[in-house]
Amino acid sequence: HFNNLAKAGTWDDDGNSTPMVSGKKLGIVVLGAIGKTLAKRAGAFDMTIGYRNRKPAKDVPYQYFDSVAALADWCDYLVTCTPGGAETNHMVNADILKRIGPTGYYINVARGSVADAKAIAAALNAGTIAGAGLDVLETEPDVPEDIRTAPNLLLTPHAAGRSHELEGRRVDLIRTNIENVLT
């Protein structure tokens, strides 16, 4: 928002500010490797962390929730980092989005099937949630018009894990694995 104002030559505050994440509650669906890394980074912003797994994780200081619904009721930001598949298909639906609420945000870095794209579009356009960040979409690469035009959406093309540095690490890991197999 502020980027667009500045590029348009407007340096005055227009009354629309960006919400702070500091002091907010972050709900993570599946505290695996990605979820734990996210929690560590969010902790640097003084966020309170809650999570949903099949069972409580060992040796983590975060609050466990026994359902996605309970986690969505509690958090300001809900992030899905879960595998796809039948068990998680449309795990985030209209009910979960309603529970996040009009000041809450939904972020999906999992699989597109985890969240109901039609429910996300409806929630974004009706103000049921404040916004969403989607790196994956159930219909990708096709982006439905009602999602594409939602002003409160940040959409990336399944690229959250891409960077020049990471690509170099992947090549190194592949080379190391090949060398280990050959020796």
Side-chain angles (χ1 to χ4, degrees), residues 1-8 10 14-22 24-42 44-45 47 49 51-52 68-69 71-72 75-85 87-167 170:
H1 172 73
F2 291 123
N3 176 54
N4 293 336
L5 287 176
K7 286 180 178 179
T10 303
D14 67 350
N16 294 315
S17 61
T18 303
M20 290 180 52
V21 295
S22 181
K24 299 286 175 73
K25 295 179 280 189
L26 175 67
I28 301 172
V29 181
V30 178
L31 200 61
I34 293 170
K36 286 179 181 175
T37 300
L38 175 61
K40 178 181 173 184
R41 291 180 177 151
F45 287 96
M47 295 184 86
I49 312 298
Y51 72 98
R52 167 69 182 132
V68 175
L71 183 61
C75 70
D76 299 300
Y77 295 86
L78 182 70
V79 181
T80 46
C81 307
T82 183
E87 186 178 335
T88 60
N89 189 55
H90 287 192
M91 173 185 287
V92 174
N93 53 34
D95 177 60
I96 297 299
L97 295 167
K98 184 177 179 183
R99 289 170 179 271
I100 294 169
T103 61
Y105 293 83
Y106 171 62
I107 301 160
N108 189 2
V109 295
R111 294 288 178 244
S113 63
V114 169
D116 179 347
K118 289 180 182 179
I120 292 171
L124 287 169
N125 288 298
T128 304
I129 59 174
L134 305 175
D135 183 53
V136 292
L137 194 59
E138 178 177 32
T139 60
E140 67 185 46
D142 297 322
V143 180
E145 184 69 17
D146 53 356
I147 289 180
R148 182 178 27 257
T149 58
N152 46 353
L153 171 69
L154 176 62
L155 181 65
T156 55
H158 207 145
R162 293 186 203 162
S163 72
H164 297 295
E165 294 88 355
L166 184 58
E167 292 305 319
R170 286 181 182 160

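Side chains included, hydrogens not; waters and symmetry mates left out as well; all remaining heavy atoms used. Nothing here was measured: the structure is a model prediction, and the numbers come from that model.
Closest heavy-atom contact between Ala115 and Asn108: CB-ND2, 4.0 Å. For the residue pair Thr82 and Met91, the shortest heavy atom distance occurs at CG2-SD, 4.5 Å. Nearest heavy atoms, Asp146 versus Asn125: O-ND2, 2.8 Å. For Leu124 against Asn152, the heavy-atom pair with the smallest separation is O-ND2, 3.1 Å. Pairing each heavy atom of Met20 with each of Tyr77, the nearest pair is O-OH, 3.8 Å. Taking each heavy atom of Thr139 and Pro144 in turn, the nearest pair found is OG1-CD, 3.3 Å.
When each of Leu78, Asp76, Ile49 is checked for a side-chain contact (heavy atoms from CB on, under 4.5 Å) with Lys25, only Asp76 meets the rule.
Rounded to the nearest 0.5 Å, atoms CG (Asn93) and CG (Asp116) are 7.0 Å apart. In this structure, the separation between CD1 on Ile120 and CG on Leu153 is 8.5 Å, given to the nearest 0.5 Å. A distance of 11.0 Å separates CD1 in Ile147 from CG in Asp142, rounded to the nearest 0.5 Å. Interatomic distance, CD of Glu138 versus NZ of Lys118, reported as 8.5 Å (0.5 Å rounding).
Within 6.0 Å of CZ on Arg99 lie more than 12 heavy atoms contributed by other residues, nucleotides or ligands. Shown here is Glu87, whose CD atom has no more than 12 heavy atoms of other residues, nucleotides or ligands within 6.0 Å. No more than 12 heavy atoms of other residues, nucleotides or ligands sit less than 6.0 Å from atom CZ of Arg41. Counting heavy-atom neighbours within 6.0 Å of Ile34 CD1, excluding the residue itself, gives a total of 12 or less.
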For Leu38 and Leu26, what are the C-alpha separation, side-chain angles and deciding distance, and is it a side chain to side chain contact (heavy atoms under 4.5 Å, CB included)? CA-CA 10 Å; Leu38 175 61; Leu26 175 67; 4.1 Å; yes
Quick one, Val30 with Thr80, criterion side chain to side chain contact (heavy atoms under 4.5 Å, CB included). Give me CA distance, side-chain angles, the key distance, then yes/no. CA-CA 7 Å; Val30 178; Thr80 46; over 6 Å; no
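The main-chain N or O of Pro83 is found under 3.5 Å from a side-chain atom of Thr88 such that the two form a donor-acceptor pair. Side-chain atoms of Asp95 do not come within 3.5 Å of backbone N or O of Lys98 as any donor-acceptor pair.
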